[in-house]
Visitor: 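Before anything else, here's the structure in question.
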Amino acid sequence: MAAPLAKQIVLASRPKGPPTVANFRLEEVPVPTLPAGGLLLRVLYLSLDPYMRGRMDDAKSYAKPATVGEPMPGESVCEVIESDRAGFAPGDIVLAHTGWRSHAPWSGPALRKLDPKIAPITTGLGVLGMPGFTAYAGLNLIGKPKPGETVVVAAASGPVGSLVGQLAKMAGARAVGIAGGADKCRYVIDDLCFDAAVDHRANDFAEKLAAACPKGIDVYFENVGGAVWQAVLPLLNTFARVPVCGLIAQYSASGPPPGPNLLPATMRAILSKSLTLRGFINYEFAADHYPEFLKTVGAGIAEGRIRYREDISEGLENAPEAFMGMLEGKNFGKVLVRVSK
Ligand SMILES: NC(=O)c1ccc[n+]([C@@H]2O[C@H](COP(=O)([O-])OP(=O)(O)OC[C@H]3O[C@@H](n4cnc5c(N)ncnc54)[C@H](OP(=O)(O)O)[C@@H]3O)[C@@H](O)[C@H]2O)c1
């Protein structure tokens, strides 16, 4: 009888500009065997995240690039199907960095278990996982919103931005979201209860943003860069804080962006308005703040005070399309792939 097969999607080649289907390859390989002292995992849901675009390049960064011919990196919710490790049994649901694959051996450090009775397991990849913690840490530890201040965030319907705005409201601030298109803007106001939402695709985006921020901006949570930063910069108040979380508008850039060079205006504003711009990668805050994040945001979800939205594609083979769509804003909520049921 033929051995059972697993699926994986490998980086076939490095993209030049936006990724294409040719940069990915679906492969069938034997199901891995249980490693001594470890676990054998079946992937249920794979998370697709903007940082993966950076890993496709062979560039120096905070994490090493993906290897051509190897599975794309990524975190997933998995079921333990075999265990040779105390404390883990078949049927346990865990979070693991498996990459884009249907099965994975695990012999690394202990994995976080998810309890479906506490929250849907998919939230471990979104609002109660890495993106949620990014929002929580960046806003509270760098942005530090005060009651009555104005907090602005782009990619506002996504997993990071949606929580930033909701936490800003809980801190007594005014939340203004920037999102692509009327449907996302409506969701940001009607479901997430932001005070205002502005469509960055509109021709009069800069004017609309200024109108939505009549007292200027005290905290700008930077998720995108590019043209959005150009519109935000003149609105920043003295002593404004800017947690620099992501720059998705430029992840696939192969040259300088069109339009003016914003560096001189940015440096002038940093000086003359005493701005604080602080880049961060979420895990630098995890050791000290992850437990309080899980407690606070977990309670908000359980009580219905915090909302989230997921955009789930079916089948590992559809991961490249879902990933490329996310980079263009075609997703509506946290992007996940259901790999197996
Ligand atoms: N520093 C960290 O530790 C950390 C951790 C997690 C995420 N991040 C960053 O946080 C940001 C949001 O991540 P996420 O997971 O919440 O992603 P997401 O919102 O699910 O997806 C990305 C969104 O970015 C928006 N976008 C794409 N190109 C844009 C452009 N040129 N101008 C304006 N908006 C654009 C699109 O939304 P619209 O259709 O609304 O424009 C798209 O849906 C990303 O930059 C990511 O890299 C950083």
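Below, all heavy atoms of this structure are taken into account, side chains as well, without hydrogens, waters or symmetry copies. What you are looking at is a predicted structure, and each value in this text was computed from that prediction instead of being measured. First listed ligand is number 1; within each ligand, the first listed atom is number 1.
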Visitor: Protein residues near ligand 1, heavy-atom distance below 4.0 Å?
Guide: Pro50, Met130, Thr134, Ala155, Gly158, Pro159, Val160, Ala179, Gly180, Lys184, His200, Arg201, Asn223, Val224, Cys245, Gly246, Leu247, Ile248, Ala249, Tyr251, Phe280, Ile281, Asn282, Met326, Leu327, Gly329, Asn331

Visitor: Determine whether the aromatic ring centres of Phe293 and Phe285 lie less than 6.0 Å apart.
Guide: no

Visitor: Can a salt bridge be assigned to the pair Glu284 and Arg278 using a cut-off of 4.0 Å between side-chain N and carboxylate O?
Guide: yes

Visitor: Hey, is Lys113 close enough to Asp92 for a salt bridge, meaning N to O under 4.0 Å?
Guide: yes

Visitor: So that I can tick it off, tell me whether Glu149 and Arg241 are bridged by a salt bridge, with the cut-off set at under 4.0 angstrom between side-chain N and carboxylate O.
Guide: yes

Visitor: Which residue in the set Ile81, Val43, Leu41, Thr98 passes side-chain contact (heavy atoms from CB on, under 4.5 Å) when paired with His103?
Guide: Ile81

Visitor: Could I get the full list of salt bridge (Lys or Arg N to Asp or Glu O under 4.0 Å) partners for Arg14, not counting sequence neighbours?
Guide: none

